[in-house]
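Report on one structure; see the data block that follows.
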Amino acid sequence: MYGMTRVAISARGVSKTYAGAEQAALNGFDLEVPQGTVCGLLGPNGAGKTTAVRVLSTLMRLDSGTATVAGFDVMKQGAQVRKNIGLVGQYAAVDEILSGRQNLVMFGRLNGLRYRDADKRATELLERFSLADTGSKPAAKYSGGMRRRLDLAASLIIAPPVLFVDEPTTGLDVQARQEVWLAIRELVAGGTTVLLTTQYLEEADQLAGHIAMLWHGRVVSEGTPEELKQMVGGDWIDLTFASPELAERAIPAVRPLAQGDLHAEPARISIPVAERTKAMLAIAGALSAEGIEPEEISLRRPTLDEVFLEISKKQEVAA
Amino acid sequence: MTAVLRDTWVIARRDLTHWRQQPWGVVINTLFPVMIALMFGGLFGGAIGEGYFDYLMPGMFALTMFFGVEATMTAVSSDAQKGVTDRFRSLPMSSGGVVAGRCLADMMGSVLGLVVMAIAGMLLGWGWHNGMLQALAAFALLLWLRFALLWVGIFLGLTVKGPESVSMVQILVWPIGFLSGIFVDPATMPSWLGVIAQWNPLSATAAAARDLFGNPGAITGSREIILAIAWPLLLTAVFLPLSVRKYRSLGG
Ligand SMILES: Nc1ncnc2c1ncn2[C@@H]1O[C@H](COP(=O)(O)OP(=O)(O)O)[C@@H](O)[C@H]1O
Ligand SMILES: [Mg+2]
């Protein structure tokens, strides 16, 4: 599939069910990430992203299937895998009482560096992640974005060939999100292979060259961000009416403007559109020509859940 | 091997840095048992009579060791919940280092606590009467108890979920402490309570320490000392493997 490039992360038919859980968290999970690329694992809450990361980073055993990271089997060669990975978990895992620098020195020492080297590396990383000014403050005093950057720095001490980043910006504000994106982009420029999980298509689009969509523990669709955005489709325009009768009358007027099937509910119509502004104007025009006035017109992006539902519907049809 | 030793020291040093960053936490934790001793000494001393501190202190030493369960559990569960444990587990380091580092740090904390308590005790009129060697043996038995309780703390820390369960364990510490020979002689308790108290591991260590220090209430005989060695051995034999298993299977 990827020609001659070497595969940094590979998972085949990986399944994992938590003790006591009814449904499998991973259910035939397949993934291949070529060396030096960034793969975005995109999926809604509960899709199995964290489980995938924990299995691949040897924190958790898989039930069936095989997985290798940097060429080593996660089940049989855990120690070698750990020598080749960095992990940024879903929650920033830093010692809050220690300062940023103390954290980095400690993790450096645990990565096998001598004190002097660990200290030097800490200085470099604090600099690189714009934490030099606050390096001596306890991490508890850091903002969410700063803590995330410290967390990233801590997983880069030995410049691992493969880096796992689990939902790096969930819960961060816009500014902090931008900071973290910048940090991840720099890493990628350095040639690290990254598996990044996210709930946001936009984030995967910004950072990853290849996106795998995860849904109920399986990759249901893969491709470049462009391919996936096409599949996701454009915006939707929602029309709300005072009565179901009005909505009934509006349907024939707006149907020709829809890119695909429109969804009609009593008193409400959702129309998939290609070009948002033009479509908005055209719909308004078509309605006023019929003398129908909607109560509300709104424009929105499809939710990730809608996208996944759409994809799995298409797959069912194909099967 | 040197790698394990280095990891152990790095992890233990992390706790020492915590102490330095939050010195008040250390002061409060070490003075808390002193306060309890003063309180109980003051409360019961009058009723029980002269020399109550001489009786009470070895029990208070055992109680100080027992409080350590809480310290270990809190540290371990907070690391597990904040993902710090996962980060350690994803590093190319030995899991032995993580655990041994925790042991070393907690044992250092307990030695400090014991020294402070001993000094406080001496100021209140407690002392050892059988010579230095026996006194050292008593302290060794107390630390042996602490070592066993470490594994109980690690196991609980990896098992409990969230701060609610932590505070529940913190509350349970008290009845276990009271139902022992720490504050009063189990022989003076109603019969069934007395039996429980007598078999409480804390009682064995407290009684053995009393014996070795030569404090009043000592039941001279080797039974207490054997129990004070055996109880922690049993606790370790049960909770050490449980903790290791729990650590390995974290997250299923
Ligand atoms: N420790 C656990 N015990 C039982 N079920 C779990 C546990 N962790 C996650 N799950 C379940 O496994 C599924 C996948 O979870 P997760 O990998 O955390 O998803 P994501 O990271 O994509 O939100 C979910 O249905 C979740 O409820
Ligand atoms: Mg997750």
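Here is how names work: the chains are called A, B, and so on, in the same order as the sequence lines, proteins then strands, and each is numbered from 1.
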Problem set entry | Salt bridge B/Asp7-A/Arg109, side-chain N to carboxylate O under 4.0 Å | no
For this session: Pick one of side chain, backbone, both or neither for A/Asp151, based on which atoms fall under 4.5 Å of a heavy atom in chain B.
Result: both
Exercise. Does a sphere of radius 6.0 Å around CZ in A/Arg128 hold more than 12 heavy atoms from other residues, nucleotides or ligands, not counting ones at 6.0 Å or beyond?
Worked result: yes
For this session: Please say whether more than 12 non-hydrogen atoms of neighbouring residues, nucleotides or ligands are located less than 6.0 Å from CE in B/Met39.
Result: yes
Exercise. Do you know which of B/Gly97, B/Ser90, B/Ser94 has the most heavy-atom pairs under 4.5 Å to chain A?
Worked result: B/Ser90
Problem set entry | salt bridge (Lys or Arg N to Asp or Glu O under 4.0 Å) assessment of A/Asp95 paired with B/Lys82 | CA-CA 9 Å; A/Asp95 185 312; B/Lys82 290 199 178 119; over 6 Å; no
Exercise. Should we say atom CH2 of B/Trp174 is surrounded by more than 12 heavy atoms from elsewhere, each under 6.0 Å from it?
Worked result: yes
Exercise. Could you walk me through whether B/Asp86 and A/Arg54 pass the side chain to side chain contact (heavy atoms under 4.5 Å, CB included) check?
Worked result: CA-CA 9 Å; B/Asp86 277 350; A/Arg54 290 176 63 86; 2.5 Å; yes
For this session: Please say whether more than 12 non-hydrogen atoms of neighbouring residues, nucleotides or ligands are located less than 6.0 Å from CD in A/Glu127.
Result: no
For this session: Quick one: closest heavy-atom pair of A/Ala93 and B/Gly83, and the distance?
Result: CB-O, 3.2 Å
Exercise. Between A/Gln90 and chain B, which part of the residue has a heavy atom less than 4.5 Å away: side chain, backbone, both or neither?
Worked result: neither
For this session: Identify the two heavy atoms, one from B/Arg6 and one from A/Gly112, that lie closest to each other, and give their separation to 0.1 Å.
Result: NH2-CA, 3.5 Å
For this session: Indicate yes or no: at least one non-hydrogen side-chain atom of A/Leu98 is less than 4.5 angstrom from one of B/His18.
Result: yes
Exercise. Would the number of heavy atoms belonging to other residues, nucleotides or ligands and lying under 6.0 Å from CD of A/Glu186 be above 12?
Worked result: yes
Exercise. Under 6.0 Å from the OH atom of A/Tyr142, do we count more than 12 heavy atoms belonging to anything else shown?
Worked result: yes
For this session: May I ask you to decide if A/Phe107's main-chain N or O and B/Arg87's side chain share a donor-acceptor pair within less than 3.5 Å?
Result: no
Exercise. Can you name the closest pair of heavy atoms from A/Arg82 and B/Leu91 and give their distance?
Worked result: CD-O, 3.5 Å
For this session: Would you please test A/Val94 and B/Val84 for side chain to side chain contact (heavy atoms under 4.5 Å, CB included) and show each step?
Result: CA-CA 6 Å; A/Val94 292; B/Val84 176; over 6 Å; no
Problem set entry | Proximity breakdown for A/Thr51 and chain B, heavy-atom pairs closer than 4.5 Å | neither
Exercise. Side chain, backbone, both or neither: which part of A/Gln80 has an atom under 4.5 Å from a heavy atom of chain B?
Worked result: neither
Problem set entry | Minimum-distance pair of heavy atoms, taken over all atoms of A/Leu110 and B/Met93 | CD2-CE, 3.7 Å
Exercise. Okay, side chain of B/Arg89, backbone of A/Leu59: is any donor-acceptor separation there less than 3.5 Å?
Worked result: yes
